[in-house]
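Inspection log for the structure reproduced underneath, given as structure tokens.
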Protein chains: 2
Amino acid sequence: MAINRTGPNMNAIAAALGVSAATVSNALSGKGRVSPELVEKVRAKAAELGYVPSLAARALRTGRTGVLGLVLPDIANPLFPQIAQAIENAASNAGYGVLIADSRGDIAMQTEAIARLLERGVDGMVIVPRRGTRIADVGCPVAVIDTPSTPGNTVAADHWGGGVQMGRHLAALGHRKVLLIGTNTSSNVQNDRIGGLKAGLGAGIECETLWIEKVEAAAGEGCPLGLAEKAADGFTAFAAVSDLSALRALTELQRAGIGVPEMVSVTGFDDLIWSPVVTPALTTIRMDMATIADLAVAALNRVISQDGEAEPAASGNVASETDRVPMQLIVRQSTGAPNSHALQPSNKPTAGELKS
Amino acid sequence: MAINRTGPNMNAIAAALGVSAATVSNALSGKGRVSPELVEKVRAKAAELGYVPSLAARALRTGRTGVLGLVLPDIANPLFPQIAQAIENAASNAGYGVLIADSRGDIAMQTEAIARLLERGVDGMVIVPRRGTRIADVGCPVAVIDTPSTPGNTVAADHWGGGVQMGRHLAALGHRKVLLIGTNTSSNVQNDRIGGLKAGLGAGIECETLWIEKVEAAAGEGCPLGLAEKAADGFTAFAAVSDLSALRALTELQRAGIGVPEMVSVTGFDDLIWSPVVTPALTTIRMDMATIADLAVAALNRVISQDGEAEPAASGNVASETDRVPMQLIVRQSTGAPNSHALQPSNKPTAGELKS
DNA sequence: ACGCCTTGCTTAAACGTTTAAGCAAGATAC
DNA sequence: GTATCTTGCTTAAACGTTTAAGCAAGGCGT
């Protein structure tokens, strides 16, 4: 069952109209030579019978499944919903289905996941590589979503540029000593964001980078990051490269009685789901995932369609046009001018101030 | 291209061994009558040639695609990664691929998404329905993941039971006035959780329910919830039915200078990604998504396999065995005994206390 | 020794589509 | 008026698998 069990096929339409199945096929696809009147009749009959083409048969004949694979390093990534939603939407608009594959953070499984998709006959795939890995030649068109600084990739947000925007924002507010917070040193994306932040802050500003994985390696997962001490050391802004880290910073600082934003500022990246609703709402940088997904799918589509003809680099990565999609700064309540009284926790806002 | 462009097919193996393609098929599937020695030779040859069966041809012949659809109300839901990962894993273990479809929170698109999956010939689907909707007969086996109180569904976490556990936890800590925080009144899941919370708290405890959608309807999205006033009114525990709301509550309270957990307690549901790393780490209730996904996929698998034979309720929902998977209470730092000094914000922890 | 069952394979058809090749009829060109 | 082109369709093969049906050979019971 499942497929189009009882559904009418092309022969049914052909029989009902007294023509051949080939003509029906041509009429519906607009490919061969069919008289306009007959095309219309075929269309009408197809609609009347509720005809639905068998994708399986088409796939068998044409070698195209109309399905794209989506490979993710770790579905548990909080950014994943945004990516999946955008890709699904873009693919759906382009007439593709999306098959997901999760590599659960494991590098070996990433290869295995790709193999599974390949066996299922995907026409192409979108890969968000596990940090630090490179995607080798896969055997089908591939679009990689990573960061522009990784060579040979296709489409990515301009993480560096986003960092620059945030750096400038903080500098403009008057911050002069900023703590940059990253999680993994091996992430190209994070390194780009940090590089951009430093560039945006400019030369006159003191910076230090705190890597969460290093702190946790010593003190255990979920340990405090010691940000209150950093604040006492004179840091007035905490710029995380992910909203998850920013949230961690925000709650740790608040818990220590340090007011955000009147004492110190906190910023993130990605505009994750909670960012607008925490108190204070997070100032962050948003990726234009819809555009990124559109570009990735369009690039794949181009290679897939063209593939039958020229076969220039049949199974290599999608072209080399490294698209760089701008990011957008979203200023909310977690940033403000640094306060000279920031050193000693005091002057908490009262409950009444909340509404403002 | 894409599919198994150059890959060897059954005829290649058959030709190499001097037998017929049918025999190869039987040998590999173990179905017909083939001598053990020949089976072995076929296996060896297949491996040698790197044979990969064409799923498209198989789908065409058998009417089974080996693909399950996953329909989600809104991929942006922060719980989605957990669900998708669990389903993908369970399906993958059962030999299925997973095609995703997002209904973007729109009820009309939910129907359309289901239709798209159906056209692609999925063998069955897992649906997480948009709150308030019921899934009508779809035309293929369906497993619904919702809550046991929705009739006719298949598999769900025991949201009520989870609420009971949390209610008991708070009652045991000594809380006597508890604010329950939900987002949407129309969510069956949330209503069950709230029902369970009330039951777990017991009769002697004062409860009030705050629905975020109502507050936001009046004051705008992302508005403060006025929790500091509630604390002043004597509420010592804030039990949200989602970690997202819990986080919102936690930050709002912290911002108002109300210490968690020494003044008031905050709890959530779902153990979302940030819950262990915020300060204080959230006490919450975790669903056993892996088990839920296994049950859903197993139920689908059963109906799909059996389908060719009996056709008892061919295209209805998967059996009526409403599985109820227990939830697990995770106690972290956001809950504690209520403090009589809770009414006036004071005695903030200093930065030094953080490490403890 | 004859019929019958079992074993191990083959032949052939089928799934529903696409597409190259072919062909008759009418239109156009000279 | 004949040769050529175009139009509008048909025929047939192909994609790679599964599976029902068939068939020859050998083993067994009587």
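Residue numbers start from 1 in every chain, and the chains themselves are labelled A, B, ... in the order their sequence lines are given, proteins ahead of strands.
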_Can you list everything that forms a salt bridge (charged side-chain N to carboxylate O under 4.0 Å, His left out) with B:Arg58? Sequence neighbours excluded, please._
none

*What's the closest nucleotide to the B:Leu38 side chain, out of C:dC9, C:dT17, D:dT17?*
C:dC9

_Can you tell me which nucleotide in D:dG8, C:dG16, D:dT17 comes closest to the side chain of A:Ser35?_
D:dG8

*Residues B:Asn9 and B:Tyr51: side-chain donor-acceptor under 3.5 angstrom*: no

*Sequence-distant partners of B:Ser25, side chain to side chain donor-acceptor pair (under 3.5 Å), two or more places apart*: none

Without decimals, in angstroms, what is the distance between [X] [atom1] and [N] [atom2]?
X: A:Ile13; N: D:dT10; atom1: CD1; atom2: C1'; result: 17 Å
X: A:Leu60; N: C:dG16; atom1: CG; atom2: P; result: 12 Å
X: B:Asn11; N: D:dG16; atom1: CG; atom2: P; result: 8 Å
X: A:Arg58; N: C:dG16; atom1: CZ; atom2: C1'; result: 10 Å
X: A:Leu55; N: C:dG16; atom1: CG; atom2: C1'; result: 11 Å
X: B:Met10; N: C:dC15; atom1: CE; atom2: P; result: 19 Å

*Is there any side chain to side chain donor-acceptor pair (under 3.5 Å) pair reaching into residues 28-41 of chain A, and which pairs are they, with sequence neighbours excluded?*
none

*For C:dT17, does either OP1 or OP2 sit under 4.0 Å from a side-chain N or O belonging to A:Thr62?*
no

Check whether [X] reaches the backbone of [Y] with its side chain - one donor and one acceptor, N or O, closer than 3.5 Å.
X: A:Asp123; Y: A:Arg64; result: no
X: A:Arg116; Y: B:Ser92; result: no
X: A:Ser103; Y: A:Pro73; result: yes
X: B:Thr65; Y: B:Gly121; result: yes

*Sorted by first residue and then second, give each salt bridge (Lys or Arg N to Asp or Glu O under 4.0 Å) pair with at least one member in residues 44-54 of chain A; sequence neighbours left out.*
A:Lys45-A:Glu48

*When you measure from every atom of DNA chain D, which of residues 17-34 of chain A have a heavy atom less than 4.0 Å away?*
A:Gly18, A:Val19, A:Ser20, A:Ala22, A:Thr23, A:Arg33, A:Val34

*Is there a residue in residues 39-50 of chain B whose heavy atoms reach under 4.0 Å of DNA chain C, and which residues are they?*
none

